[in-house]
Colleague: 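A single structure is presented below for examination.
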Amino acid sequence: MQAVFFAPPKSKAEMEVLAELSGVESLVIPGSLGTHEENAVDLANAIKSFI
């Protein structure tokens with residue numbers, strides 16, 4: 001899951017490479033490093049799909 005939209009360029013590039021791997025699900029949830037506060041419901045729903 002890719003949760004940070006406004007990431008530093010190098011970190012974002014690394015996350016995009018990981019998202020392309022087979023067997024990896026990727027979901028972009030807009031926000032900053034406080035995504036858990038800004039978009040708590042969206043993040044919780046994304047996490048629930050894995051458990």
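In this chain, residues are counted from 1 in sequence order.
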Colleague: In Å and rounded to the nearest 0.5 Å, what is the CD1 to CG distance from Ile29 to Asn39?
Modeller: 7.0 Å
Colleague: Between atom CD of Glu20 and atom OG of Ser26, what is the distance when rounded to the nearest 0.5 Å?
Modeller: 8.0 Å
Colleague: Rounded to the nearest 0.5 Å, how far does CG of Leu27 lie from CD1 of Ile47?
Modeller: 10.5 Å
Colleague: Might you point out which heavy atoms bring Leu18 and Val24 nearest each other, and give the distance in Å?
Modeller: O-CG1, 3.5 Å
